[in-house]
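Ligands are counted one by one from 1 in listed order, and the atoms in each one are counted from 1 as well.
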Amino acid sequence: MMAEQLAIKGGPKCVTKDPGDIFTWPIITKEDEDAVLEVLRRGGMSGTDVTTQFEREYADWHGAKYALGCSSGTAALQSAMWACGVGVGDEIIGPSLTYWATNLPAFSLQATIVFAEVDPVSLCLDPNDIEHRITKRTKAIIPVHYCGYPADMDPIMEIARKHNVKVIEDVSHAHGGLYKGKVVGTIGDVGAFSVMSGKALAVGEGGVMITDDRYLWEKAIVWGHYGRTRATVWTGELEEQYITAEDLVPYAGLPWGGYKYRMHQLSSACARVQLKYYKSRMEEIQKAMNYFWDLQEDTPGVKAHRPDADTGSTMGGWYAARGRYVAEELDGLDIRVFCKAVTAEGCSTGPGCNSPMHLHPLLQTADIYGHGKPTRIANSDWDVREGDKSLPVTESLPLRIYGIPWFKHYRPEVIEEYANCFKKVAENADQLKDIDPEE
Ligand SMILES: *Cc1c(COP(=O)(O)O)cnc(C)c1O
């Protein structure tokens, strides 16, 4: 296709075909509608009967013992943190390159966040940058399977076990993904998922926590599910301490966190149907996305964000899929110009993903609870804040990654046109020298 005029310079666009429903998500059929209407018509929105069925199916789907449906992924993450013992003055270690809900719920537990570096290839927590950040206050490490790529869990688990620290996987980007053959969310002590409508498993607002540890599951119920404490068959420590002691029975009806995290049953009803079809839909997404990348194998400047095929690891449903940009292979072409030119070819894209969190004023100076000092250090005995250039890989990534189309169907002729946008721009990058990235 070489020496073609780029669309940004007045040439023909690569994308000519109507994409149809190739990007439509979630896929909603009459079965979803009927399931939701059944709950709506009988007024069952605030019950738990559908949610508990969904929990059983979700746990089984993952091969986990327990699941807990929550009102959001944020709620699932905060419940998981508290269940894992995160409290006053404690620290969690997580990536700065993530959606805020991975880490910020620690603040309301009067704990704080220590950010660790991410790996430039996987974009996930770098196992080599964790151990030196562990202190006597560290309670949990929270890897994110970022944009679908499974975090390197083996060394993370090894470090966590050595230091007796819990691992909470944030699986909000990677439902059904595999790490060396194991489903993500089942490797750490807890997996926490968002299932809001933008995610790969998209059911409405909602979240889920899965675990094999009954104590963690019970604690999460105590925290935010007051309506279920009496009906839960308690075991172990919680029962002895708080639940069945005669004089404490009333506490069984109050949420310890003071939060109400019940999952909306219109979401649970939709979730049961979505889960039924998720594996086959995910597999079609994987076929489509892998094809998109295979077409660009030898294209300069652009690199797939996916594990090698022979590792047993996958990208799940390819949520928020990205490519990696290597400006050096394109004579230093600014990624912003590259993205503008690709967009002009008919494939809308832009640089970056989430902005790194560690430099945001909320993590530096904000006093949320009136401590008279920044919340980040309000309960700490040392200043955990990371300054400018402290996480160089994380800070460089907004100009090293870009969005790619999220195909839901394997339709080669459509996918080829989108892949050609990137190839054409990369192979004709010399036409872009005069474009101002700032404009
Ligand atoms: C979406 C998301 C969450 C939060 O989930 P909500 O359901 O929106 O509360 C947490 N972590 C990551 C990485 C996410 O992308």
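Below 30°, between 30° and 60°, or above 60°: for Tyr402 and Tyr325 the angle between ring planes is above 60°, a perpendicular geometry.
At a 4.0 Å heavy-atom cut-off, ligand 1 touches Leu77 through the side chain alone.
Atoms of ligand 1 found under 4.0 Å from any heavy atom of Ser72 (numbered from 1 in listed order, with element): 7 (O), 9 (O). For ligand 1 and Thr102, the ligand atoms under 4.0 Å from any heavy atom of the residue are 11 (N), 13 (C). Every atom of ligand 1 is numbered from 1 in the order shown, and the set under 4.0 Å from a heavy atom of His173 is 13 (C), 14 (C), 15 (O). Against a heavy-atom cut-off of under 4.0 Å, Thr74 is close to the following atoms of ligand 1: 4 (C), 5 (O), 6 (P), 9 (O). In the vicinity of Thr98, heavy-atom distances shorter than 4.0 Å reach the ligand 1 atoms 13 (C). Using a 4.0 Å cut-off to heavy atoms of Gly73, the atoms of ligand 1 that qualify are 5 (O), 6 (P), 7 (O), 9 (O). Set against the non-hydrogen atoms of Met196, the atoms of ligand 1 under 4.0 Å away are 7 (O), 8 (O). Interface of Ala101 with ligand 1, defined as ligand atoms under 4.0 Å from a residue heavy atom, comprises 3 (C), 4 (C), 10 (C).
Taking only nitrogen or oxygen atoms, main chain and side chain alike, Asp170 reaches within less than 3.5 Å of ligand 1. Among the atoms of Tyr319, none of the N or O lies under 3.5 angstrom from an N or O of ligand 1.
Between His175 and the options Phe193, Trp61, Trp318, Tyr58, a ring pair (Phe, Tyr, Trp, His ring centres under 6.0 Å) holds for only Phe193. Partner of Leu77 under the side chain to side chain contact (heavy atoms under 4.5 Å, CB included) criterion, out of Leu104, Val190, Asp170: Asp170 alone.
If you check which protein heavy atom lies closest to atom 7 (O) of ligand 1, you get Ser194 OG, 2.6 Å. With hydrogens left out, the protein atom closest to atom 3 (C) of ligand 1 is Tyr99 CD2, 3.4 Å, a heavy atom.
Cation-pi geometry between Lys166 and Tyr215 is not met at under 6.0 angstrom from the ring centre and within 45 degrees of the axis.
Under the 4.0 Å criterion applied to side-chain N and carboxylate O atoms, Glu328 and Arg400 are assigned as salt-bridge partners. Arg161 and Asp189 are joined by a salt bridge, as a carboxylate oxygen and a charged side-chain nitrogen come within less than 4.0 angstrom of each other.
Between Tyr291 and Tyr410, the distance from one ring center to the other falls under 6.0 angstrom.
The CD1 atom of Ile285 sits 13.5 Å away from atom NZ of Lys287, with the distance rounded to the nearest 0.5 Å.
Taking a 6.0 Å sphere around CD of Glu158, one finds it holds 12 or fewer heavy atoms contributed by other residues, nucleotides or ligands.
At least one heavy atom of Gly206 sits less than 4.0 Å from an atom of ligand 1.
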Test Ser268 against Thr51 for side chain to side chain donor-acceptor pair (under 3.5 Å), laying out the working first.
CA-CA 5 Å; Ser268 322; Thr51 299; 2.6 Å; yes

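The residue from His145, Gln78, Lys199 that puts a heavy atom closest to atom 1 (C) of ligand 1 is Lys199.
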